[in-house]
Amino acid sequence: MPQGPSPARKAAVTLLTQVIADARPLSDSGAVLEALDPADRAAAGRLAAEVLRSLERADKLLKPHLRKPPGVRVMNVLRLGAVELAQGGAAHGVVNDCVAIVAGHKRTAGFKGLVNAVLRKLAEDAPARWADLRVPRLPKWLRGPLVEAWGPQAMAAMEKAHFAGAPLDLTAKENAGAVAQMVGGTLLPTGSVRLEAGQVSALRGFESGAWWVQDAAAALPVRLLGDVAGLRVLDACAAPGGKTLQLAAAGAEVTALDLSAARLARLRDNLGRTGLQAEIVAGDLLAHQGRYDAILLDAPCSATGTIRRHPDLPHLHQGERIGALIALQAEMIDHCLGLLNPGGRLVYATCSLLPDEGECQIEEALQRHPGLQVLPLEASWIEQGWRAPEGGLRLRPDFWAEIGAMDGFYMAVLRAC
């Protein structure tokens with residue numbers, strides 16, 4: 001009996017259709033991937049992400065061979081095939097699997113001939129044409145504001161970083177140098193450990209809780225607080241929990257608060273794996289009461305700084321939610337300032353590239369709160385080009401390009417007098 005298509009390719013097409021047709025993120029993939037073995041699960045996610053990063057190039061390769069675009073699922077099968085063929089995939093396996101995927105659905109079976117013909121043509125010239133195509137650009141709704149903020153040259157460099165994807169960064173529970181040696185990674189100047197992406201649970205030190213996965217940029221807001229041993233600290237939007245783990249490992253008395261009880265489950269798992277302690281509270285920050293020596297507010301945002309890791313993000317919306325997020329961020333800043341003990345510090349952070357969610361929020365908070373200060377940042381790992389005019393740090397995906405780049409982030413430390 002003939003074998004069916006690769007489970008990973010079939011699942012990847014479903015994931016692509018989920019993102020492009022239904023605006024559902026890749027992270028909402030449990031039902032699609034749960035029946036696959038770990039290797040196929042990882043391959044499906046990797047394939048879907050690679051096609052999303054390469055969507056513009058794939059469509060340019062396909063356009064000359066299509067009189068009109070077929071339905072979204074067939075188009076995604078073609079995109080998957082085009083990307084794999086362009087990157088050197090074996091034509092026989094790729095084409096046969098793509099034909100089998102469309103043949104397996106009653107609504108798409110009539111496109112078998114089209115898929116076969118188009119992909120066999122691409123197998124001949126796609127690898128040569130691929131290298132001549134430009135680095136894929138962000139959608140206009142996002143690219144326009146970012147060009148205005150950072151300029152066309154920086155935008156092009158950020159898009160290059162997005163297209164390259166991201167390595168795997170780890171935060172060590174204790175000794176980062178020892179973790180780097182254990183996993184065969186590189187110790188970064190900021191203290192994170194970087195290595196090529198791989199199956200996380202198979203790495204040494206995972207089961208013993210010696211480290212957790214966290215982008216190097218995402219690890220920096222906690223580092224800005226300095227010594228937190230013995231301090232009462234609120235991680236105000238805690239899930240999935242990397243910053244809570246950092247605070248707990250540094251000796252803080254941590255309260256991890258998040259609106260989503262489901263997302264806090266992952267934090268509980270990581271606390272158990274690492275043997276660290278934190279109080280976990282599922283609830284609304286704006287209704288939360290208490291007094292804290294320090295608060296970490298990694299506020300809900302557009303997440304536009306994380307596209308190198310989450311290439312589905314530009315396809316999930318058109319920026320229509322950003323205005324509401326900006327208003328929520330300001331409200332959260334004001335509420336957190338009211339929870340601080342005298343002399344306490346608030347770290348405000350967002351994984352956004354938009355100044356309205358970073359620099360502008362701090363400038364407006366200073367206007368709303370007389371006596372509020374942005375504390376000077378003196379950490380030895382801060383590079384000069386990271387400093388923002390109002391006193392915070394602005395990180396971008398094009399920074400550290402020679403060693404794998406970083407997520408885009410904004411962060412600042414505030415203190416009310």
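Index from 1, following the sequence. Reckoned from all heavy atoms, side chains included, excluding hydrogens, waters and symmetry mates. Small disclaimer: the values here were computed from a predicted structure and weren't measured.
- Between the CG atom in L170 and the CG atom in L187 there is a gap of 11.0 Å [rounded to 0.5 Å].
- Side-chain atoms of R345 never come within 3.5 Å of backbone atoms of A294 as a donor-acceptor pair (strictly under, hydrogens ignored).
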**OP:** List the steps and the verdict of side chain to side chain contact (heavy atoms under 4.5 Å, CB included) for F111 and L78.
**Re:** CA-CA 11 Å; F111 290 91; L78 289 168; over 6 Å; no
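- The closest side-chain donor-acceptor pair between W400 and E383 falls under 3.5 angstrom.
- Judged purely by atom type and a 3.5 angstrom limit, D293 has no side-chain atom pairing as donor or acceptor with the backbone of L231.
- For the pair R232 and Y292, the distance from NZ or CZ to the six-membered ring centre is under 6.0 Å and the angle to the ring normal is within 45 degrees.
- R266 CZ: 12 or fewer foreign heavy atoms inside a 6.0 Å radius.
- A donor and an acceptor atom, one from each side chain of N270 and R273, are located under 3.5 Å apart.
- With a 6.0 Å cutoff to the six-membered ring centre and a 45° limit on the axis angle, R223 does not count as a cation-pi contact of W381.
- Here the side chain of H335 pairs a donor or acceptor atom with the backbone of L285 at under 3.5 angstrom.
- Side-chain atoms of R57 come within 3.5 Å of backbone N or O of W130 as a donor-acceptor pair.
- A donor-acceptor pair is defined here as one N or O able to donate and one able to accept, closer than 3.5 Å; no such pair exists between the side chain of D258 and the backbone of L264.
- Separation of atoms CZ (R53) and CD1 (I307) is listed at 11.0 Å; rounding is to 0.5 Å.
- Under a cut-off of 6.0 angstrom, the local environment of CD in Q153 is sparse, with at most 12 non-hydrogen atoms contributed by other residues, nucleotides or ligands.
- The neighbour count for R129 CZ, taken as heavy atoms of other residues, nucleotides or ligands under 6.0 Å away, is above 12.
- Here the straight-line distance linking atom CG of L133 with atom CD of E56 works out to 8.0 Å at 0.5 Å rounding.
- Stacking of R143 on the aromatic ring of W150 is not recorded, the 6.0 Å distance cut-off and the 45° axial limit not both being met.
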**OP:** Decide side chain to side chain contact (heavy atoms under 4.5 Å, CB included) for Q361 and T350; before the verdict, give the C-alpha distance in whole Å, the side-chain angles of both, and the deciding distance to 0.1 Å.
**Re:** CA-CA 10 Å; Q361 282 288 12; T350 58; over 6 Å; no
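- Smallest separation of non-hydrogen atoms from L354 and P145: CD2-CB, 4.0 Å.
- Judged by distance alone, with hydrogens and angles left aside, the side-chain atoms of R394 form no donor-acceptor pair with the main-chain N or O of G408 at under 3.5 Å.
- Within 6.0 Å of atom NZ in K173, more than 12 heavy atoms from other residues, nucleotides or ligands are found, so the atom counts as buried in its surroundings.
- Here the CD-CG distance, from E364 to D356, works out to 7.5 Å after rounding to the nearest 0.5 Å.
- A218 is linked by a side-chain contact (heavy atoms from CB on, under 4.5 Å) to Q214, D215, K243, F409, counting only residues two or more places apart in sequence or in another chain.
- Counting only distance, with no hydrogens or angles, the side chain of E253 and the backbone of V233 share no donor-acceptor pair below 3.5 Å.
- Residue K112 places its NZ atom among 12 or fewer non-hydrogen atoms of other residues, nucleotides or ligands, all under 6.0 Å distant.
- The backbone N or O of E390 sits nowhere less than 3.5 Å from a side-chain atom of E359 that would complete a donor-acceptor pair.
- In this structure, a donor-acceptor pair under 3.5 Å is present between the side chains of S302 and E357.
- In terms of modelled atom types and a separation under 3.5 Å, the side chain of D407 and the main chain of A217 share no donor-acceptor contact.
- The number of heavy atoms from other shown groups lying within 6.0 Å of CD (E363) is above 12.
- Atom CZ of R291 sits in a crowded spot, with more than 12 heavy atoms from other residues, nucleotides or ligands closer than 6.0 Å.
- Remark: side-chain polar atoms of R24 are not paired, donor with acceptor, to backbone N or O of L316 under 3.5 angstrom.
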